[in-house]
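Shown next, in structure tokens, is the structure this report addresses.
First the proteins, then the strands, lettered A, B, ... as listed; each starts at 1.
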2 protein chains.
Amino acid sequence: MARLEPLSTTTPCQNCALRALPIFRCLSGAELAFVEKFKIGELEVQAGSDILLAGTHSAHLFTIFGGWCFRYDLMEDGRRQIHSLLLPGDFIGLQTEMLGTMQHSVQSLTDVRLCVFSRERFWTIYESFPELAFDLTWAAACGERTVEVALSNVGQRPSFERLAALVVHLYRQLDGLRLVKDGTILWPLTQQHVADLLGLSTVHVSRVLRRLVDSGLVRLDGRRLTVVDLPALAEVAAVDPEKPLRRPLI
Amino acid sequence: MARLEPLSTTTPCQNCALRALPIFRCLSGAELAFVEKFKIGELEVQAGSDILLAGTHSAHLFTIFGGWCFRYDLMEDGRRQIHSLLLPGDFIGLQTEMLGTMQHSVQSLTDVRLCVFSRERFWTIYESFPELAFDLTWAAACGERTVEVALSNVGQRPSFERLAALVVHLYRQLDGLRLVKDGTILWPLTQQHVADLLGLSTVHVSRVLRRLVDSGLVRLDGRRLTVVDLPALAEVAAVDPEKPLRRPLI
DNA sequence: CGTTGGGTTGACTCCACTCAAAAGATGTGG
DNA sequence: CCACATCTTTTGAGTGGAGTCAACCCAACG
């Protein structure tokens with residue numbers, strides 16, 4: 001399932017294309033230099049690989065450089081809840097450091113390229129780089145907020161709104177990452193993924209997704225989704241404007 | 001609504017009754033001394049007070065010393081999702097520091113006593129007390145996990161299981177805080193609160209709660225709830241053992 | 001007392017689930 | 001390149017869980 005292939009060709013953090021995006025906070029020269037040393041290398045994983053497993057203690061920490069992942073819980077009887085999608089710039093594995101073992105699992109949704117960080121040097125962040133330590137707390141707070149939004153979505157909205165809200169949320173995130181081209185985003189999610197994200201059955205997702213497409217608000221061909229009318233979509237989703245937050249990138 | 005009354009009588013952190021509990025990590029002498037200085041005073045708030053409001057920037061940070069609170073989101077049309085209950089030892093207001101403003105609100109469920117901390121000195125934690133900074137990230141990670149569990153609960157379980165899981169989770173938390181007496185815990189939640197926690201209607205909560213009591217697994221008189229058979233309740237709730245995590249107390 | 005907020009109960013509706021079958025897709029190996 | 005298996009999506013029919021609406025009870029409280 002998991003195929004982790006270390007790469008020889010790595011990008012220096014200074015030239016990181018992600019870092020240039022305005023949604024990310026700038027790091028000082030010293031911080032950048034440290035991150036550079038903190039980084040072990042890069043990793044390429046295939047779609048559908050388990051990157052971290054609940055109950056285990058990961059040997060590494062990661063930042064997504066490219067591709068999509070998702071965090072999820074699995075219950076004994078097989079029910080799965082996806083907590084959130086993880087996109088480029090998202091940090092993976094904090095729980096390992098804090099809580100001893102991962103409580104949830106992380107899986108890749110597309111082929112993914114990860115930056116890999118050393119766990120041994122993790123503590124030195126707190127000793128020597130308070131700004132970076134602050135950023136780690138920041139990242140955790142962002143992650144928490146993401147799950148809160150998902151909870152409100154699943155708990156309060158009917159299925160049509162719920163799906164619309166997912167699309168709007170995703171679209172906005174990808175827009176900040178400059179991954180929207182002409183209103184079109186990548187849509188690597190199977191209906192099973194959507195069902196487990198939203199707490200619906202796959203059959204119902206199929207119907208609601210069709211209804212959404214038939215409404216003309218979005219178009220869907222294969223693995224690409226086009227948002228035809230974002231304001232209208234946000235309207236039916238009943239989501240607030242939600243100003244994009246500048247966040248740290250480690 | 002909110003009545004914040006500063007108190008003259010404050011307990012020194014060394015003698016804090018909470019700190020003696022085994023679920024909390026021990027602080028070093030130096031750390032304790034700093035927390036003591038970091039602390040401004042104590043605050044008593046009545047049940048039903050808004051402690052923090054979404055969209056605002058709080059002047060203070062808090063730790064719950066006694067009583068219950070809850071975090072929640074409010075949608076424009078009035079729908080409310082409660083993300084989690086906050087119990088003694090829980091930290092309130094991290095989001096203010098990280099994300100600029102609170103994204104969710106916090107309200108007291110019972111009369112509550114809070115330890116109040118200075119926001120100005122917040123940054124010195126990261127500069128001077130890496131262990132405490134680490135603990136803040138830890139607290140954020142714990143908070144995230146709590147919401148994840150709630151999301152899995154709401155997204156995957158039918159109402160009866162969902163309610164049972166809430167009771168089990170709460171019981172275990174309170175047990176760690178030594179707030180269980182003969183299998184009995186405080187139950188300050190109205191059915192409206194439970195509905196907004198679980199994503200159900202109040203009418204349905206009434207019915208499911210009755211079904212739970214009729215099943216003999218729990219008893220409920222007034223504002224007290226007794227768990228008659230915890231293993232059986234955990235069984236119907238389909239929750240995993242979930243070993244209690246030792247966590248920091250600030 | 002009357003008022004108010006919380007809880008209960010019944011009747012009815014409907015959203016979303018289950019079960020089932022079949023039609024595309026996608027991929028694999030012979 | 002075809003045959004076959006597997007995964008994904010679609011569609012229909014029937015069911016049931018949870019919502020809505022409404023009336024009513026009860027306790028707390030001014």
Side-chain angles (χ1 to χ4, degrees), chain A residues 1 3 46-49 75 77-82 107 109-111 153-166 187-215 218-225 236 238, chain B residues 1 46-49 75 77-82 107 109-111 153-166 186-215 218-225 236 238:
Chain A
M1 185 68 88
R3 279 275 296 286
Q46 301 178 318
S49 307
M75 309 175 65
D77 58 6
R79 285 177 286 182
R80 177 176 73 171
Q81 178 67 45
I82 297 180
Q107 191 173 100
L109 193 58
T110 67
D111 290 349
N153 196 21
V154 172
Q156 298 303 319
R157 283 193 251 259
S159 59
F160 190 77
E161 278 185 38
R162 207 182 294 184
L163 179 59
L166 171 67
W187 189 259
L189 301 160
T190 66
Q191 295 184 356
Q192 182 68 64
H193 288 124
V194 177
D196 293 343
L197 268 164
L198 301 181
L200 299 170
S201 70
T202 56
V203 174
H204 200 238
V205 167
S206 175
R207 286 191 241 264
V208 176
L209 199 50
R210 174 126 314 274
R211 205 142 58 83
L212 188 63
V213 170
D214 289 346
S215 76
V218 308
R219 264 176 290 144
L220 191 57
D221 50 355
R223 291 302 176 203
R224 312 204 136 268
L225 182 146
V236 311
Chain B
M1 188 67 90
Q46 301 177 318
S49 308
M75 309 177 63
D77 58 6
R79 284 178 285 182
R80 178 177 72 170
Q81 178 67 44
I82 297 181
Q107 192 174 102
L109 192 58
T110 65
D111 289 349
N153 197 21
V154 173
Q156 298 302 319
R157 284 193 251 259
S159 59
F160 190 77
E161 278 186 37
R162 208 183 291 183
L163 178 59
L166 170 66
L186 200 62
W187 189 258
L189 302 159
T190 66
Q191 294 185 355
Q192 182 69 62
H193 288 124
V194 177
D196 293 345
L197 268 164
L198 300 182
L200 300 169
S201 69
T202 56
V203 175
H204 200 237
V205 166
S206 174
R207 287 192 242 265
V208 176
L209 200 48
R210 175 126 315 274
R211 204 141 60 81
L212 188 62
V213 170
D214 289 347
S215 75
V218 308
R219 265 175 289 147
L220 190 57
D221 49 355
R223 291 303 178 202
R224 314 204 134 266
L225 182 147
V236 312

(request) Measure the spacing between CZ of A/R207 and OG1 of A/T202 and express it to the nearest 0.5 Å. (result)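 If we round to the nearest 0.5 Å, A/R207:CZ and A/T202:OG1 are 10.0 Å apart.
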(request) Using a 4.5 Å cut-off on heavy atoms from C-beta on, say whether the side chain of B/E161 contacts that of B/Q156. (result)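 The answer is no, as the side chains (C-beta and beyond) never meet within the 4.5 Å cut-off.
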Name the nucleic acid region contacted by [X], choosing base, sugar-phosphate or nothing; use a 4.0 angstrom heavy-atom cut-off, strictly under.
X	answer
A/V203	base
B/L200	sugar-phosphate
A/R223	sugar-phosphate
A/G222	nothing

Nearest-Å distance for atom pair [atom1]/[atom2], residues [X] and [N]:
X	N	atom1	atom2	value
A/H193	D/dT8	NE2	P	8 Å
B/L225	C/dG7	CG	P	13 Å
B/L209	C/dG7	CG	P	9 Å
B/L212	C/dT8	CG	P	12 Å
B/L163	D/dA18	CG	C1'	14 Å
A/L198	C/dA16	CG	P	11 Å
A/L109	D/dC7	CG	P	17 Å
A/H204	D/dT8	NE2	P	20 Å

So does [X] get a side-chain nitrogen or oxygen closer than 4.0 Å to the phosphate oxygens (OP1/OP2) of [N]?
X	N	value
A/S159	C/dA16	yes
B/S206	C/dT8	yes
B/Q191	C/dT8	yes
A/R210	D/dT10	yes

(message) Has A/D111 got a side-chain atom pairing as donor or acceptor with A/A47's backbone, closer than 3.5 angstrom?
(response)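 The answer is yes, because a donor-acceptor pair under 3.5 Å joins these two groups.
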(request) Mark yes or no for a side-chain to base donor-acceptor pair under 3.5 Å between B/R207 and D/dT20, with no hydrogen or angle criteria applied. (result)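 Yes.
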(message) Are there over 12 heavy-atom neighbours, none belonging to A/R211, within less than 6.0 Å of that residue's CZ?
(response)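 Check passes, neighbour count above 12.
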(message) Please determine whether the number of non-hydrogen atoms from other residues, nucleotides or ligands lying under 6.0 Å from atom CZ of B/R219 exceeds 12.
(response)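 Open: at most 12 neighbouring heavy atoms sit under 6.0 Å from CZ of B/R219.
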(request) Could you please name the option among D/dG19, D/dT9, C/dA20 that lies closest to any side-chain atom of A/T190? (result)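 The nucleotide sitting nearest to the side chain is D/dT9.
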